[in-house]
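Start at 1 and go down the list; that is how both ligands and their atoms are numbered.
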Amino acid sequence: MQTTPVNTQNTPYRLGYHIAAPTGWINDPNGFCYFKGYYHIFYQHYPDAPKWGPMHWGHARSKDLSHWETLPIALTPGDPEDKDGCFSGSAIVKDDKLYLIYTGHHYYDGDDNPDHFWENQNMAYSEDGIHFTKYAHNPIIGKMPADNTQHFRDPKVWQHGQAYYLILGSQGQDELGRVILYRSTDLVNWTYLGPIAKSQGAKQQGYMWECPDFFHLDGQDVLLFSPQGIEADTDKYLNLFQTGYFTGTFNAATDHFEHGDFQELDQGHDFYATQTTLTPDGRRIVFGWMAMWESTMPETAEGWAGALTLPRELHCKDGHLYMTPVQELTNLRTKHIQSARQRLSGPTKLTQGNSQEINLTATLKNTGAKQFNFKLQGAQSQDFVNLNYDVTTGILKLTRSDRNDARYATIKANENLELQVYVDASSLEIFINQGTAVFTERYYIQDTPALWVACDTAVTIQSDIYELDPQ
Ligand code: FRU
């Protein structure tokens, strides 16, 4: 990204090819869309300091989902309908204009309790995709359903036939999370249709559902959302809040969504508040916020905080979502620095660098191998991120030297391991076996990391490593 962080002198954590704010704070991706030849992504942004504050919409665009150009801030809060924040929302193209639909956040005058707020839904539009005008008659949804609490936000809008639909993250007065649906023919007047899905218990499925997204993918309907309040359960739901999905079938006659169990989309420490769009050639692409609420973000010392994940393509098979880096990311490759096939067992250093794509196949099946380790470690420091595959059980376990809480995923036992890994200055995204499991991590290794792999028996490893354009 072409950006100028606050401190340009000493920024070891500054990401190269990921979307981050030029300066200040970012959280959720917003308004992801394709408009007049560009992909646009917006994000929750506080430009004045590397901490959450009155939310703006920061903005970047790209022709290829790989190289991003920072644009001026698209939405600034402070108008009567978005007095204390332009919260998350989405975008839609209609009659050659780009419309942003977002939540206005409001505190009560003279009350400084941050839990005392109210929310409404607003619109802004643009002809050039750069300059936005707020709709003169905002809000477009001002009144909540009678059985809603103050949690009423994050509109995701889409078109189906002649109609527009919009869902919101919501909390019912029973203090359970839910997703509620609206319909419109003009984007301005919205009819409330009711909840399409709701939590079956605060500790099992959440007291509030943020950032919902709803789409059809590979023959299934998918509700992707970020529930708050799910309790940790052995090796699942270990982050403060989760992002995951239900797959099932939406019944248009009853506006109800019949679905299966909640599944997490990414197994890493740093993944939240996703948003998807469709590419012109019909691929469903997702961005997430590469962070977690309340986590330490050492990059704040550099004047910025938070970033978006790489864009990833989603697929659905047998009720499971698979997430792989978009094919356009090959545009970031500047040099093919390794193509090697070797037999190894004990710790072997494969490469060193903090702007690399590492493609690795470990042939483990029926070799008697029991433990395989993939470890990024500082050349001088002892800081590390380690991914262990227990070949006999299929359990993947990710550990980090700066945290004492591991993260887990389970794939098949006795499998070959195919890893596609993106290393940026302080982020690591590990895609395992065509996106069956994914770990997204911000890591904070002071010096340039080296990649080590190790196995308890001699196995064959194929590695293809590319240097990436740090932009
Ligand atoms: C999710 C979220 C949204 C809200 C936004 C505020 O991370 O809490 O529900 O719109 O962040 O920044």
Side-chain angles (χ1 to χ4, degrees), residues 21 24-32 41-59 73-78 81-91 100-107 114-124 139 141 144 148-157 166-171 177-180 199 206-213 223-230 239-244 264-266 269-276 286-295 297 305-309 440 442:
W25 165 274
I26 84 174
N27 54 282
D28 316 355
N30 294 155
F32 187 23
I41 188 77
F42 303 80
Y43 44 81
Q44 289 285 282
H45 180 39
Y46 182 52
D48 297 344
K51 60 178 189 192
W52 194 83
M55 282 291 111
H56 297 55
W57 275 36
H59 188 189
I73 286 174
L75 297 175
T76 301
E81 299 306 333
D82 53 30
K83 188 171 69 69
D84 299 307
C86 299
F87 273 22
S88 285
S90 55
L100 307 181
I101 297 188
Y102 66 99
T103 298
H105 192 73
H106 307 254
Y107 297 112
D115 293 330
H116 294 174
F117 59 80
W118 60 276
E119 299 181 315
N120 60 7
Q121 317 310 324
N122 297 292
M123 187 166 87
I141 303 178
M144 299 190 302
N148 216 91
T149 69
Q150 78 274 28
H151 295 283
F152 180 63
R153 57 179 172 270
D154 308 339
K156 174 74 202 268
V157 61
L166 177 159
I167 46 172
L168 286 172
S170 147
Q171 182 188 55
R178 60 184 189 171
V179 168
I180 56 177
S199 163
Y207 60 77
M208 166 60 191
W209 289 1
E210 298 190 306
C211 302
D213 200 336
L223 181 66
L224 177 62
F225 61 107
S226 296
Q228 297 177 293
I230 299 184
N239 290 341
L240 176 64
F241 303 134
Q242 280 62 50
T243 287
E264 289 176 271
L265 182 57
D266 185 298
H269 288 90
D270 296 293
F271 188 77
Y272 196 61
T274 44
Q275 188 168 109
T276 74
V286 64
F287 268 112
W289 176 35
M290 193 161 56
M292 180 46 59
W293 288 109
E294 296 181 20
S295 69
M297 300 183 194
L308 302 186
T309 63
T440 300
R442 294 298 305 278

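Within the 4.0 Å heavy-atom shell around ligand 1 one finds Trp293. Within the structure, the closest approach of Trp289 to ligand 1 does not fall below 4.0 Å when heavy atoms are considered. At a 4.0 Å cut-off, at least one heavy atom of Asp28 sits close enough to ligand 1 to count as contact.
Atoms of ligand 1 found under 4.0 Å from any heavy atom of Gln44, numbered from 1 in the order shown, are 5 (C), 6 (C), 12 (O). Residue Met55 approaches ligand 1 through these ligand atoms, each under 4.0 Å from one of its heavy atoms: 12 (O). Below 4.0 Å from some heavy atom of Asp154 lie the following atoms of ligand 1, by number and element: 3 (C), 4 (C), 9 (O), 10 (O). Of all atoms in ligand 1, listed by their number and element, those nearer than 4.0 Å to a heavy atom of Ser88 are 5 (C), 10 (O).
Distances between N or O atoms of Tyr272 and those of ligand 1 include no value under 3.5 Å.
Using a 3.5 Å distance cut-off with no hydrogens or angles, the side chains of Asn30 and Gln275 do not pair a donor with an acceptor. Residues Thr103 and Glu119 have side chains that never bring a donor and an acceptor to within less than 3.5 angstrom of each other.
The protein heavy atom nearest to atom 8 (O) of ligand 1 is Glu210 OE2, 2.8 Å.
In Asn27, the part holding a heavy atom less than 4.0 Å from any atom of ligand 1 is the side chain.
Each of Trp118, Tyr207, Phe117 was checked for a ring-ring contact (aromatic ring centres under 6.0 Å, His included) with His151, and the lone residue meeting it is Phe117.
For the pair Gln44 (side chain) and Cys86 (backbone), a donor-acceptor distance under 3.5 Å is present.
Within the 6.0 Å centre-distance limit, the rings of Trp52 and Phe87 are counted as a close aromatic pair.
The aromatic rings of Phe225 and Trp209 sit tilted, their planes meeting at an angle between 30° and 60°.
Side-chain contact between Phe32 and Ser90: absent, with no pair of heavy atoms (C-beta onward) separated by less than 4.5 Å.
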